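Quantities reported herein were computed from a predicted structural model and do not represent experimental measurements. Excluded from the calculations below are hydrogen atoms, water molecules and symmetry mates; all remaining heavy atoms, backbone and side chain alike, are included. The sequence lines fix the lettering, A, B, ..., with proteins before strands; numbering per chain opens at 1.
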Amino acid sequence: MEKTYQPASIESHWYDTWERNGYFAPSGSGTPYSIMIPPPNVTGSLHMGHGFQESIMDALVRYHRMKGHNTLWQVGTDHAGIATQMVVERQLAEDGMSRHDLGREAFVDKVWEWKEHSGGTITRQLRRLGASPDWSRERFTMDDGFYHAVQEVFIRLYRDGLIYRGNRLVNWDPKLHTAISDLEVISEEEAGKMWHFRYPLSDGSGTLTVATTRPETMLGDTAVAVNPDDPRYQQLVGKTITLPLVGREIPIIADDYVDPQFGTGCVKITPAHDFNDYELGQRHQLPLINILDRDAALNDAVPEAYRGMDRFAARQAVVADLDRLGLLEKVDEHVLKVPRGDRSGVVIEPWLTNQWYVKTGPLAEEAIAAVEDGRIEFVPRQWENTYFAWMRDIQDWCISRQLWWGHRIPAWYDDQGNIYVGRSEEEIRHQNQLDDRPLCQDEDVLDTWFSSALWTFGTLGWPQQTELLKIFHPSNVLVTGFDIIFFWVARMIMLTLYFMKEVPFHQVYVHGLVRDSHGQKMSKSKGNVLDPIDLIDGIGLEELVSKRTAGMMQPQLRERIEKMTRADFPQGLAAYGTDALRFTYYSLASTGRDINFDVGRIEGYRNFCNKIWNAARYVLMNTEGMDCACGAGQRDYRLGLAEHWIVSRLQETSASVEKAIGQYRFDLASQAIYEFIWNEYCDWYLELSKPVLYGDEADQERKRGTRRTLIQVLETTLRLLHPFMPFITEEIWQRVAPLADRAGDSIMLAEFPQCDAQLIDVRANADIEWLKAVILAVRNIRGEMNIPPGREIPVLLKNGSEDDQRRSVQNHELLIRLAKLASIEWLEPRQLAPDSATGLVGNLEILVPIAGLIDKTAEIARLTREIGKLNQDLERKRGKLANPAFVAKAPPAVVDKERKKVETQAQAVTRLEQQLASIQAL
RNA sequence: ACACCCGUAGCUCAGCUGGUUAGAGCGUCGCCUUGACAUGGCGAAGGUCGGUGGUUCGAGUCCACUCGGGUGUACCA
């Protein structure tokens, strides 16, 4: 084996082996366990969030596979309507073409072509992460099977009255020329203005002042509204004003919607271009005047002067013209929420169109019940509140999109405006006994989330009642981020309940969002993104800088990003390897909502890999080609205390890991393994094995017992670690398993370690804790007194209990070797000790005679500090015990424990004070 | 405005149903190339757990209020 761990040289090799051998597919036996991957966007590439999420799923899947479950991890990608269409349109634009030049069919062919060539980036990257989904069953939300499922769902919902077509205001994206759902609109505060206009009353008796943030919409005003109880305006209700610039006479109406306190208490009403005004307009039967075209330029419904103007140009013009007429009262600075499309970034317009909607009310009811009664459980629980809040106030879902890439809506129209929904034109003609009147299919496609909502059952072959569907649906858990609870989770629950009559998954594990080490969201514009692949393979500073600043238009932004990157990563990124990256993810997967990714952590876990690697080297050096007494029926070996202890701790560790995984606490699971491997197996057990293996004291039986334990504990630990670090565990396991007499082609297929409670040895644990404490006490003195680690020193023991005596005898050799002692000698209780530095383990005094070794001042300082600490704590405890209420009300066991502690600590203080006095007397 | 989350060592975070002297990693300071590992070993320093009040024998942990940071939802033209 290499002296240091080299991730790059093992990872691809093992991945290929696993995939080639079909290890990722369900075994076909055992309790079913399934996870459906949240399908990543086909245009996407792996970001830190994906890395985190996929690592979690992979750990779960590998764990269950090793537990012998019939495990399916369903993989696939999402066709991502708008995103994909934009990518291909951008490519066309480079050749000076638009999709319209190509036409619908040719364009869609082009998208498919693009998907075949470039759509595989993210799945390749998933492999780099060591993800083990069943690639043979990979799906795409636009593949044939999915096409049928989506069609079927649409048709059935339509027939059941849960899908309808309606002419309403939608969120219109004037750049992408499509409607989008309210979830795809991001409203953020922006600086704007509030214009105050005077509207003249038609009877010439004066003016009303209205305020608006969007002056251009006044061209579409059809009323002015006031509050019915507002005394200022009561007498005006029923009168009309003459709309300036337009000349239209519009009514003054009264409606509770108007807040008399806000602004002037008069509101201009533009029902065709504002959601609130629309509703008010419905109540008062106001006409809708649509003044915008699909580009959000003004149409022919406005006076000629404004026709064809862009909405923002029109805004300027309207303001200027009103000003000229003396109707502009004032302009205030005003901060307002501006709605923008999450894809295009342009301001969204409420616009009147025909769209398809899902009637969500009845579906939501069921979906709420499923979570209320526990058929679906959110982890952590509090996300259920978010889910309920949205579900209980759900709006109908606009599912049509004016795109070319996506599932075309299976609806046809005849020339009389009749709508027919069905699988094909042929079917529709047949079913409706239509003559050969012309039919044309709806031009629109469905919201991508509509097809994603069918993911858990669509991927398993629905609408066919497949065997897989029976076995693997519902899936066990959905692993996802809270940002798509509404977009996806909720909709998936609604549609799956409706069509499958069962939940899509039993649990939803909601993980946090990966941010940078300062808690900032990673984004390209901030230039703080980390590419998981770069953390695996490493990247030079220059390349990192150019990657982060690529395509940056603003030079000042570019400069800032470059500066920040050079400061944060002066050496670029080292090649940490997949296992280290994954382990970092797990260590950060606590219950919080934000996961701040600090490169310092991954470096620590790369070192951890190296530690494992070198521990394995040590074990192999001492076991390969030797008798490890591992064969079946082998009895020719003997175990010592250290062996019982490490095996015992391994059982306890397995139990905590298992418990943590069950609670999705990957941070706790990873920490338990980390501590076991580093702080117990490496720091102590390997050291404890050396005196046995290298010394002359132990006989061959003991040596065999030690080798057996070294190799078996390592082998078991590798299996425990495998779901988290698939590569390094496989690489080492291949060499270790045969020595431990464990057969199998891959650690992936080996059994996950189970805690054997019978092997938990409380006495061995206590004995080793004692041994560690004594060694630590000596090391502490050595460290503080600057005694060179190599120098062997004599130790005197005094005032020990029977246990102390037994332990010191039984572990004599280990104490000598690990604490580097020259000798151990017991003093009689009354025997006068030579001047020494002192350590305490319980009541046992550990004395290192000074004899030229000890720095008097240092020892005084050390003792004083120690006494101070003990006294402070003693005081607290005595105070507690002096409180009659504590003694009376606290459980007796607690009181008793406290008493005992006070007793031993008081003695300890006395001892140390005596020591201090004698040192000071020197 | 409402809801939720977070606030623990210089930094990034644990601390499960309240009960040892509040832990880890990174960083810092000593010492050490001891035959698995300097991507290492040994030792040490570092925290009035955001604040106030309450419940309790006992609060980092439960409750109320408050300050600071964040997210989501609803928004008034």
Side-chain angles (χ1 to χ4, degrees), chain A residues 1 3-5 187 194 210-214 217 225 257-259 261-270 274 276-277 336-337 380 382-383 385-386 389-390 393 482-483 485-486 512-513 515 517-519 574 576 580 587-588 590-601 603-622 659-660 663 665 667-668 671 674-675 679 682-683 686-687 690 694 776 779-784 786-790 820 862 869-870 872-874 876-877 880 883-891 893-895 897-898 901 905:
Chain A
M1 281 173 92
K3 199 176 166 184
T4 52
Y5 165 62
S187 291
M194 179 85 87
V210 297
T212 182
T213 54
R214 301 194 311 157
T217 63
Y257 161 74
V258 181
D259 176 1
Q261 309 301 321
F262 190 87
T264 59
C266 292
V267 188
K268 60 186 272 311
I269 302 298
T270 323
D274 181 281
N276 290 312
D277 291 7
L336 73 162
K337 296 253 187 174
Q382 78 251 14
W383 289 111
N385 297 335
T386 309
W390 188 68
D393 187 32
F482 57 82
D483 50 333
I485 288 180
F486 307 145
L513 256 39
R515 300 167 172 280
S517 66
H518 310 296
Y576 297 112
S587 74
L588 296 171
S590 60
T591 55
R593 215 162 47 171
D594 300 315
I595 292 155
N596 296 352
F597 192 93
D598 184 5
V599 177
R601 295 289 291 256
E603 190 174 345
Y605 294 120
R606 191 267 322 259
N607 296 352
F608 178 49
C609 290
N610 189 56
K611 192 74 182 173
I612 295 166
W613 186 259
N614 276 288
R617 281 181 64 216
Y618 168 79
V619 173
L620 288 170
M621 274 164 69
N622 286 289
K659 184 181 167 211
Q663 301 170 327
R665 288 301 304 271
D667 59 328
L668 300 180
Q671 202 189 345
Y674 182 96
E675 276 173 8
N679 304 129
C682 291
D683 283 353
L686 296 192
E687 295 309 319
K690 287 175 186 173
Y694 298 152
L776 247 40
R779 283 178 184 166
N780 178 279
I781 291 169
R782 195 191 279 278
E784 299 267 322
N786 278 326
I787 301 169
K820 286 254 159 53
R862 200 181 66 91
K869 261 197 241 173
L870 282 171
Q872 208 179 8
D873 187 53
L874 251 183
R876 199 175 8 229
K877 288 199 163 63
K880 239 173 164 181
N883 179 357
F886 173 69
V887 183
K889 293 191 180 173
V894 172
V895 179
K897 219 158 100 185
E898 214 69 9
K901 274 184 294 193
Q905 256 175 246

Side-chain donor/acceptor of A:Lys690 to base of B:A36, under 3.5 Å: yes
From B:C42, B:U39, B:G19, nucleotide with atom closest to A:Arg779 side chain: B:C42
Nearest-angstrom distance, P atom, B:U28 to B:G10: 15 Å
Closest to side chain of A:Lys3, choosing from B:U20, B:A45, B:A38: B:A38
Residue pair A:Ala616 / A:Met1: nearest heavy atoms and the distance that separates them: CB-CE, 4.2 Å
4.5 Å side-chain heavy-atom contact, A:Lys3 and A:Arg617: yes
Identified pairing partner of B:G40, criterion: Watson-Crick or G-U wobble below 3.5 Å: B:C32
Minimal non-hydrogen separation, A:Ser587 against A:Asp667, with atom names: O-CB, 3.3 Å
Sugar-phosphate only, base, or nothing, as touched by A:Arg606 at under 4.0 Å among non-hydrogen atoms: base
Distance, rounded to the nearest Å, where A:Lys889 contributes NZ and B:G58 contributes P: 8 Å
Any A:Tyr694 side-chain nitrogen or oxygen under 4.0 Å from OP1 or OP2 of B:A36: yes
Euclidean distance, atom CD1 of residue A:Ile485 to atom C1' of B:A3 [Å, nearest integer]: 14 Å
Separation between CZ of A:Arg862 and CD1 of A:Ile781, rounded to the nearest 0.5 Å: 4.5 Å
Distance-minimising heavy-atom pair for A:Asp594 and A:Arg515: OD1-NE, 2.6 Å
P atoms of B:C49 and B:G7, separation to the nearest Å: 14 Å
Length of the CG-C1' vector between A:Asn614 and B:U33, whole Å: 15 Å
Nearest-angstrom distance, P atom, B:G23 to B:A45: 13 Å
Touch class at under 4.0 angstrom, heavy-atom based, for A:Ala890 against every strand present: base
Mate of B:A3 where both pairing distances stay under 3.5 Å, Watson-Crick or G-U: B:U71
Spacing of the P atoms in B:C16 and B:U61 (rounded, Å): 11 Å
Test of ring centre spacing under 6.0 Å for A:Tyr605 and A:Tyr674: yes
Nearest-angstrom distance from the residue atom CD1 of A:Ile612 to C1' of B:G40: 15 Å
Watson-Crick or G-U counterpart of B:C62, or none if no pair lies under 3.5 Å: B:G54
Which nucleotide in B:A36, B:G40, B:G19 has an atom nearest any side-chain atom of A:Asn607: B:G40
A:Val258 versus A:Val267, closest heavy-atom pair with distance: CG1-CG2, 3.7 Å
Contact check, side chains of A:Thr217 and A:Lys268, non-hydrogen atoms, under 4.5 Å: yes
Any strand: nucleotide that pairs with B:C49 via Watson-Crick or wobble, under 3.5 Å: none
Short side-chain N/O contact from A:Asn780 to OP1 or OP2 of B:C42, under 4.0 Å: no
A:Asn385 or A:Gly604, whichever maps to the more 5' nucleotide of RNA chain B: A:Asn385
B:U20 pairs with, by Watson-Crick or G-U criteria that keep both distances under 3.5 Å: none
Sugar-phosphate, base or nothing in reach of A:Leu870, heavy atoms under 4.0 Å: base
Whole-Å gap separating P (B:G58) and CZ (A:Arg876): 15 Å
Residue pair A:Arg665 / A:Thr591, side-chain heavy-atom distance below 4.5 Å: yes
Smallest separation among heavy atoms of A:Glu603 and A:Tyr576, with atom names: CA-CE2, 3.8 Å
Validation row: A:Ile485, A:Trp390 side chains within 4.5 angstrom (heavy atoms): no
Protein proximity profile, nucleotides 7-18 of chain B - base contact B, sugar-phosphate-only contact S, no contact -, cut-off 4.0 Å on heavy atoms: -----BSSSB--
Parallel, tilted or perpendicular: rings of A:Tyr5 and A:Trp613 (30°, 60°): tilted
Per-nucleotide protein contact string for nucleotides 72-77 of chain B, where B marks a base within reach and S marks sugar-phosphate only (heavy atoms under 4.0 Å, - for neither): --BBBB
Distance-only donor-acceptor test (3.5 Å): side chain A:Gln382, base B:A3: no
Most 5' of A:Lys897 and A:Phe608 on RNA chain B, judged by nearest nucleotide: A:Lys897
Interatomic distance at C1', B:A22 relative to B:A59, whole Å: 13 Å
Distance, C1' atom - from B:U55 to B:G46, rounded to whole angstrom: 33 Å
Touch class at under 4.0 angstrom, heavy-atom based, for A:Pro891 against every strand present: base
Spacing of the C1' atoms in B:G50 and B:A9 (rounded, Å): 15 Å
Complementary nucleotide of B:G27, counting Watson-Crick and G-U pairs under 3.5 Å: none
Separation of B:A44 P from A:Arg862 CZ (nearest whole Å): 10 Å
Length of the line joining A:Met621:CE and B:A36:P, which is rounded to integer Å: 5 Å
Sugar-phosphate, base or nothing in reach of A:Cys682, heavy atoms under 4.0 Å: base
Atom P, compared across B:C75 and B:G70: separation rounded to whole Å: 24 Å
A:Asn276 CG to A:Ile269 CD1 distance, which is reported to the nearest 0.5 Å: 8.5 Å
